[in-house]
Amino acid sequence: MPIDIEISEVGPRDGLQSLSDIMPTEAKMAWIKAQHEAGTPEIEVGSFVPPKLLPQLADTPELVAFATKLEGLTVAALVPNLRGLEGAVASGAHKVSLPFSMSETHSLRNLKKDHTQMREEIQRCLSYLETIPVDRRPKFEVGLATAFGCTIEGDVPESRVIAIAEELVRMGVDEVGLSDTTGMGNPAQLKRVATGIWEHCGRDKLTGVHLHNTRGQGLANALMAVEIGIHTIDSSLGGIGGCPWAPGASGNIVTEDLVFLLESMGLNTGIDLEALIAVRDIVSAALPNAELYGFTPAAGIPLHYEVARRTSKEALSE
Ligand code: ZN
C-alpha cells in the first residue's frame, strides 16, 4: 500500500539536542532500528555540528553510516553550514536540511550569520553539491526556521518568508521546508504561507512541514498541512525534548499521536502504532530523566482503532 503521508522522525536530532543528558550511541542505534522496523520511512538521525557545541549529537557520522544500512529508510541529517554538509555527504546521508531562520535576529543568535551571510553559505553549499556525483548527492532542503513567528522579533511577515523561499528556489535548492520552530503558528497562517510559496515556487518545492507543539497547536497545524496537500510531516517520538519555556508542553509534535490521527482518518503512514509505542521503552531506559509525552500512549490504543481505520479507508476510496 503506498504511503499517503510520510512521517519524518526527528527525535534523535531535534529531541536529543535539547536535552542535557547524552544518549549512548548503542541506545540511539537500537531506537533508530526499532523505529525503522515499526515502519517509519524517514529518520533525521543527527546534526553535523561541532561536537563542542552539541556533544549530544557527536556520534552523528556513525549513526548515518548505521542507518543507511537499514533497508528502505531515508536517512536525513541537519547541517548548519558547508562544513556540516561535507560531513553529511562523506557519511552518506540521503537528505540534508539546512536551517535558515526567517528572523534575522534569531539567525544571528543561532548560526551567527545575518541573512546575507546565510545566502552566501547556501550558495557555497549548492556549488559544492554540483561537484558531487549525482548518485552520492543528497537531497538538499533549506528549512525556513521561525517561519511563523520568533521569540525575539515577534512577528515574522509572511511576505518575507515567501520572498526568501522564492529566492532560494531560484538559487537551486531542491526544496524549502516550513518550520514552526517556536510553536507560534496557527492553521490559517500555515495555509496562507504554504499557498503563497506554492504560487511563487511551484508545488514540488514545498512538500514538508516541521511543527512544534509548544502551545498545543501542533496537531491542528498538521491536520491543515494534510488537508492542503503537504506530504511530509516531522514529529518526534514521545515529543522528546520538551519546551524549556513551557513546562509540560512537548517539543515537536508527538509521533504516536500523529500516527493515531492520520491512520484513524484512513491515511496510510506505513507505521504500526503498537510497535511504535513500544519503542518508547528503549528511549526511557536510556534517558531515565527525560519526560516522554503523548496522549495516545498514555490512554492506550482504543479498541475501535482498526475499525476506524477501515471505515475511513473505505470512505476515502469511494
Ligand atoms: Zn524543531
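Atoms within a ligand are numbered from 1 in the order they appear, just like the ligands themselves.
- Ile122 CD1 to Phe140 CZ: the interatomic distance, rounded to the nearest 0.5 Å, is 6.0 Å.
- Inter-residue side-chain proximity for Cys201 and Leu206 is flagged as unmet; no heavy-atom pair is nearer than 4.5 Å.
- The side-chain heavy atoms of Ile43 and Leu73, taken from C-beta on, include a pair separated by under 4.5 Å.
- Applying the ring pair (Phe, Tyr, Trp, His ring centres under 6.0 Å) rule to His115 yields the partners Phe100; only residues at least two apart in sequence or on another chain are considered.
- None of Glu42, Glu141, His210, Glu6 except one satisfies the side-chain hydrogen bond (donor to acceptor under 3.5 Å, both in side chains) rule with Thr232; the exception is Glu6.
- Taking the charged nitrogens against the carboxylate oxygens, Lys313 and Glu263 do have a contact shorter than 4.0 Å, which makes a salt bridge.
- The number of protein N/O/S atoms found under 2.8 Å from the Zn ion (ligand 1) is 3.
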